[in-house]
2 protein chains.
Amino acid sequence: MLQLKDLPTPDVLAKFAIRYPDADVTAVSSVLQLLRVATDLSIALDACLSKHGLLQGRWWVLILLMREENKTSQPSILAEKAGVTRATMTGLLDGLEQSGLIARVLAKEDRRTVLINLTDAGVGKLDSVMPDYYRRIRCCMQGLDEEQRQQLQKILALINLGIPALT
Amino acid sequence: MLQLKDLPTPDVLAKFAIRYPDADVTAVSSVLQLLRVATDLSIALDACLSKHGLLQGRWWVLILLMREENKTSQPSILAEKAGVTRATMTGLLDGLEQSGLIARVLAKEDRRTVLINLTDAGVGKLDSVMPDYYRRIRCCMQGLDEEQRQQLQKILALINLGIPALT
DNA sequence: TTGACATAGTTAGCCAGCTAATTATAATGA
DNA sequence: TCATTATAATTAGCTGGCTAACTATGTCAA
């Protein structure tokens, strides 16, 4: 995702709206600001993860495993939940296995499947990352009171409703 | 950016909040939903661009040039405004030049700089993409009235304030 | 039983970002 | 003046996504 450092000023938007009458100025500026804030957030959180030697993809796999009762799952399920292809998940798991944060174990009941285990080292890694990560999220949301957080969630849900119609 | 298909349910969040007391549950769920909606939006808009044979990076360069009075700029300035490195901008411009949408012209006053011109074909490409793009944005924001759009912008600005403190 | 199909995971190769090093030109100060 | 430093753009090589093709295993119906 691009960082969109230079959002259009109102007069630039207005000029584009003259050339392209389909433009809904307040919709466009809202969407661009939304994309921009999300990108900046994502970059800032990436920086936090990389301080701990992690990238977003691998970190998310650790979280997904941590959610499981027995800290175990399968590559295809992890891929689905993380929103990446199975090929990409293979690569993520390769990296995590090399770092000793997960272990691959062959399943007995179906020899096609591989079970992915979060190791103690993996749990330890999360225990060192998550407090830092959560502290940062708390910090950047501290300017919003509970009502504003609910407003945000409601508005995001409304936008989300419109997304399927785009495809 | 990951697609985050599987956001934590409230009870998963609560369990994590027990292990990691720094977690601010409503902050975390707001941020995750924000990232998720933004990613989905970005993916949907990418799909729109790719129908027209464009990728986000190249398309954004065309827009930046279109904003200029004389439809001209420089690689380093474009890189800064698009939030990519100059090396990446070189690659984006290579692609656009091959498609004939921009032209490189050597500057006379400083022979280190290259002037980038949006060609007529480049303008034509924007003229075919933008109406479609704007129509989609209008469509996904149509569920929000003017007041909600303003609320969103205000809330995003508040979050944005907190981001610098993260780094 | 066995041939067709489905599923799990991996491999190979592409692409668009990135950093670091390189080339060419300009600006500056002893 | 000319050595040093700064700047503009590019090139080379890395990485983590992707798609498509492949291997191995399981399922199911004729």
Q) 5' to 3' on DNA chain C, which nucleotides open and close the contacts with chain A (atom under 4.0 Å from a heavy atom)? A) C:dA6 to C:dT11
I need the [atom1]-[atom2] distance between [X] and [N], as an integer number of Å.
X     : N      : atom1 : atom2 : result
A:Q56 : D:dG16 : CD    : P     : 13 Å
A:D46 : D:dG17 : CG    : P     : 10 Å
A:R86 : D:dA20 : CZ    : C1'   : 12 Å

(Q) If the threshold is 4.0 Å, N to carboxylate O, is there a salt bridge linking A:K5 and A:D40? (A) no
Q: Would you mind checking if A:R136 and A:D132 are paired as a salt bridge, meaning a charged N to carboxylate O distance below 4.0 Å?
A: yes
Q) How far does CG of B:L152 sit from CD of B:E147, to the nearest 0.5 angstrom? A) 12.5 Å
(Q) With side-chain contact (heavy atoms from CB on, under 4.5 Å) as the criterion, how do A:T119 and A:E97 come out once you've worked through the C-alpha distance, each side chain's angles and the decisive distance to 0.1 Å? (A) CA-CA 9 Å; A:T119 63; A:E97 190 178 31; over 6 Å; no
(Q) On a heavy-atom basis, which atom in A:R86 and which in A:S76 lie closest, and how many Å separate them? (A) CD-CB, 3.8 Å
**Q.** Interface residues of residues 64-82 of chain A with DNA chain C (non-hydrogen, below 4.0 angstrom)
**A.** A:Q74, A:P75, A:S76
Q: Check DNA chain C against residues 93-114 of chain B and give the residues with a non-hydrogen atom under 4.0 Å, in numerical order.
A: B:D110, B:R111, B:R112
Q.
Between B:L13 and B:S29, is the side-chain contact (heavy atoms from CB on, under 4.5 Å) condition met? List the steps.
A. CA-CA 8 Å; B:L13 260 182; B:S29 65; 3.7 Å; yes
Would you mind writing out the side-chain donor-acceptor pairs for residues 64-72 of chain A within the sub-3.5 Å range, not counting sequence neighbours?
residue : atom : partner : partner atom : Å
A:R67   : NH1  : B:D6    : O            : 3.1
A:R67   : NH1  : B:D6    : OD2          : 3.3
A:R67   : NH2  : B:D6    : O            : 3.3
A:E68   : OE2  : A:K81   : NZ           : 3.3
A:N70   : OD1  : A:T72   : N            : 3.4
A:T72   : OG1  : A:N70   : O            : 3.0
A:T72   : OG1  : A:N117  : OD1          : 2.7

Q) Who pairs with A:D120 by side chain to side chain contact (heavy atoms under 4.5 Å, CB included), at least two apart in sequence or on another chain? A) none
Q) With a 4.5 Å limit on heavy-atom distance, are the side chains of A:Y20 and B:R135 in contact? A) no
Q) What's the verdict on side-chain contact (heavy atoms from CB on, under 4.5 Å) for A:L7 and A:R36, showing C-alpha distance, side-chain angles and the deciding distance? A) CA-CA 8 Å; A:L7 293 188; A:R36 191 215 159 115; 3.8 Å; yes
Q) With distance as the sole test, does A:R149 use its side chain to make a donor-acceptor pair with the main-chain N or O of A:L144 at under 3.5 Å? A) yes
Q | Angle between terminal axes - the helix from C:dT1-D:dA30 to C:dA30-D:dT1, 5 pairs each end, rounded to 10° | A | 10°
Q: Flag yes if more than 12 heavy atoms outside A:E146 fall under 6.0 Å of its CD atom; otherwise flag no.
A: yes
Q: Check the pair A:V31 / B:M141 against side-chain contact (heavy atoms from CB on, under 4.5 Å), numbers first and verdict last.
A: CA-CA 8 Å; A:V31 164; B:M141 292 292 287; 3.6 Å; yes
